[in-house]
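All chains are named by letter (A, B, ...) in the order of the sequence lines, taking the proteins before the strands, and each is independently numbered beginning at 1. Here the structure is a predicted model, which means the values were calculated and not measured.
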There are 2 protein chains.
Amino acid sequence: MREWNQVSEWTSGQSGEVPHTDCPVRKVLDHVTSRWGVWVLMALAGGDLRFHELRGRIPGVSEKMLSQTLRTLVRDGLVWRAVEPATPPRVTYGLTPLGRGAGEPMATLLGWIRDHAGDILATQSEYDRACAK
Amino acid sequence: MREWNQVSEWTSGQSGEVPHTDCPVRKVLDHVTSRWGVWVLMALAGGDLRFHELRGRIPGVSEKMLSQTLRTLVRDGLVWRAVEPATPPRVTYGLTPLGRGAGEPMATLLGWIRDHAGDILATQSEYDRACAK
DNA sequence: CAGTATCCTGGGGGATACTG
DNA sequence: CAGTATCCCCCAGGATACTG
């Protein structure tokens, strides 16, 4: 594993000054960890899906946010979009190799969090009790 | 690897209805992938640090956001905080075992993104050109 | 040194309505 | 079916000032 001490390496290849927002790493991270981006990636990892199938699998997502999220991920090259010209239109989404590459470590992180959510909640109660007294 | 098709599994252990915001997995994910949380975790992975050392290693972070982020991570049990009573005060932060556990997959994800940022940027230019014409 | 308190703004994202 | 368009609210987070 490489050295993480120099966080500034990540800003943009340059040191200091540069706000993290302009860092491409930050941007992609924001996209894949975005409120709905995560679930889109996870849902598509199970197989290609059409717009409304995807919507059905992600409880709570609005059409606006779903299409917005998809556009971002397509633009990043993580998701592909295929239109079959027909009436009614058929649009299918799926993961690109790049998307599968991003989804894997994301799934690992998510899996870790799921497995330790209990510990974390427990720590919080303990912490809150300690603060209360 | 497990099945990801049923995204609703993640909402809260329950199906449907529950907005993702209330899901503990979502909360912890938001904390560790938060604007400054990521860099705090990465910086502390290199060793324990005091408040201003940490600030120095994370370009652009304000004192407000640093302390706010630290409080969240301490509450989650991912970071510990040690106060040496003295004047001036010495406060040191470091990763708990839980924090190291979360930091590892996070670092993997970050590493993947760093290694593929080039490909992603390239895809974007290509995509933008395709849209322009 | 290690923070808190206060004020303020941008844009993420929800609700609703409309379209090819 | 697969989206856009519009309005609007909320709060993450920056700037600035103050404290034990």
Side-chain angles (χ1 to χ4, degrees), chain A residues 11 17-23 26-40 43-44 48-75 79-94 131, chain B residues 11 17-23 26-40 43-44 48-75 79-94 131:
Chain A
T11 50
E17 293 308 295
V18 187
H20 284 129
T21 313
D22 296 340
C23 168
R26 180 75 250 180
K27 281 188 177 172
V28 176
L29 180 66
D30 284 345
H31 295 169
V32 308
T33 64
S34 74
R35 181 163 174 84
W36 305 112
V38 183
W39 313 112
V40 168
L44 291 180
D48 305 342
L49 291 171
R50 294 173 56 192
F51 188 82
H52 272 259
E53 290 175 332
L54 207 41
R55 178 150 159 58
R57 304 227 181 199
I58 306 177
V61 71
S62 66
E63 298 191 339
K64 173 189 166 184
M65 288 319 297
L66 181 55
S67 77
Q68 196 173 104
T69 302
L70 283 167
R71 237 179 299 143
T72 304
L73 296 176
V74 168
R75 183 169 191 275
V79 168
W80 51 258
R81 182 193 135 108
V83 186
E84 290 178 66
T87 42
R90 282 180 84 86
V91 183
T92 308
Y93 295 90
C131 288
Chain B
T11 50
E17 294 308 295
V18 186
H20 284 127
T21 314
D22 296 341
C23 168
R26 179 76 248 180
K27 281 187 176 170
V28 176
L29 180 66
D30 284 346
H31 296 168
V32 308
T33 65
S34 74
R35 183 161 172 85
W36 304 113
V38 182
W39 313 112
V40 168
L44 291 181
D48 305 343
L49 292 170
R50 294 174 56 191
F51 189 82
H52 272 258
E53 289 174 332
L54 207 39
R55 179 152 161 56
R57 303 228 182 198
I58 305 178
V61 70
S62 65
E63 298 192 340
K64 173 191 166 182
M65 288 318 298
L66 182 55
S67 76
Q68 196 172 105
T69 302
L70 284 167
R71 238 179 300 142
T72 304
L73 296 176
V74 168
R75 184 167 191 275
V79 168
W80 52 258
R81 182 192 135 109
V83 187
E84 291 179 64
T87 43
R90 282 180 86 84
V91 182
T92 308
Y93 295 91
C131 289

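- Nearest to the side chain of A:Pro89, among D:dT4, C:dC1, D:dC1, sits D:dC1.
- Base pairing in DNA chain D gives the following stems of 3 or more Watson-Crick or G-U pairs, range against range and under 3.5 Å: C:1-20 with D:1-20.
- Whole-Å rounding puts the A:Arg35 CZ to D:dC10 C1' distance at 13 Å.
- Between A:Arg90 and D:dA2 there is no side-chain polar atom (N or O) within less than 4.0 angstrom of OP1 or OP2.
- In this structure the side chain of B:Thr69 never reaches within 4.5 angstrom of the side chain of B:Arg35, judged on heavy atoms.
- Evaluation of atom-type donor-acceptor distances gives no pair under 3.5 Å for the side chain of A:Lys64 against the base of D:dG3.
- Closest of all the heavy-atom pairs between A:Trp36 and A:Pro59 is CZ3-O, 3.9 Å.
- Going from atom CD of B:Glu84 over to atom P of C:dA2 covers 10 Å, rounded to whole Å.
- Side chain of B:Arg55 to backbone of B:Val61: a donor-acceptor contact under 3.5 angstrom is found.
- Put simply, the side chain of A:Thr72 does not reach to within 4.5 Å of the side chain of A:Val79, judged on heavy atoms.
- Taking atom CG on B:Asp30 and atom P on D:dA12, their separation rounds to 10 Å, with Å as the unit.
- Residue contacts shown for A:Arg55 are absent, as no nucleic acid heavy atom lies under 4.0 Å away.
- The CE atom of A:Met65 sits 19 Å away from the P atom of D:dC8 (whole-angstrom rounding).
- When the side chain to side chain donor-acceptor pair (under 3.5 Å) test is applied to B:Arg75, the partners found at least two apart in sequence or on another chain are A:Gln124, A:Asp128.
- When distances run from any side-chain atom of A:Phe51 to the nucleotides C:dG14, D:dA2, D:dT4, the shortest one goes to D:dA2.
- Counting to the nearest Å, the C1' atom of C:dG3 and the CH2 atom of B:Trp36 are 18 Å from each other.
- For the pair B:Glu63 CD and C:dT6 C1', the computed distance is 15 Å after rounding to whole Å.
- Nearest to the side-chain atoms of A:Tyr93 among the listed nucleotides D:dG20, D:dC1, D:dG3 stands D:dG3.
- For B:Ser67, whose side chain is taken as the heavy atoms from C-beta onward, the closest listed nucleotide among D:dA2, C:dC1, C:dG3 is C:dG3.
- Closest of all the heavy-atom pairs between B:His31 and B:Leu73 is O-CD2, 4.2 Å.
- Atom pair B:Gln68:CD and D:dA15:P shows a separation of 15 Å (rounding to whole Å applied).
- Among the protein residues, A:Arg81 comes within range of the sugar-phosphate backbone only, with heavy atoms under 4.0 Å from sugar or phosphate atoms but none that close to a base.
- At whole-Å resolution of the value, CZ in B:Arg71 and C1' in C:dA5 are 11 Å apart.
- Taking the nucleotide of DNA chain D with the nearest heavy atom to each of B:Ser34 and A:Arg50, the more 5' of the two is matched to A:Arg50.
- Annotation: side chain of B:Leu49 is in contact with side chain of B:Arg57 (closest heavy-atom distance under 4.5 Å).
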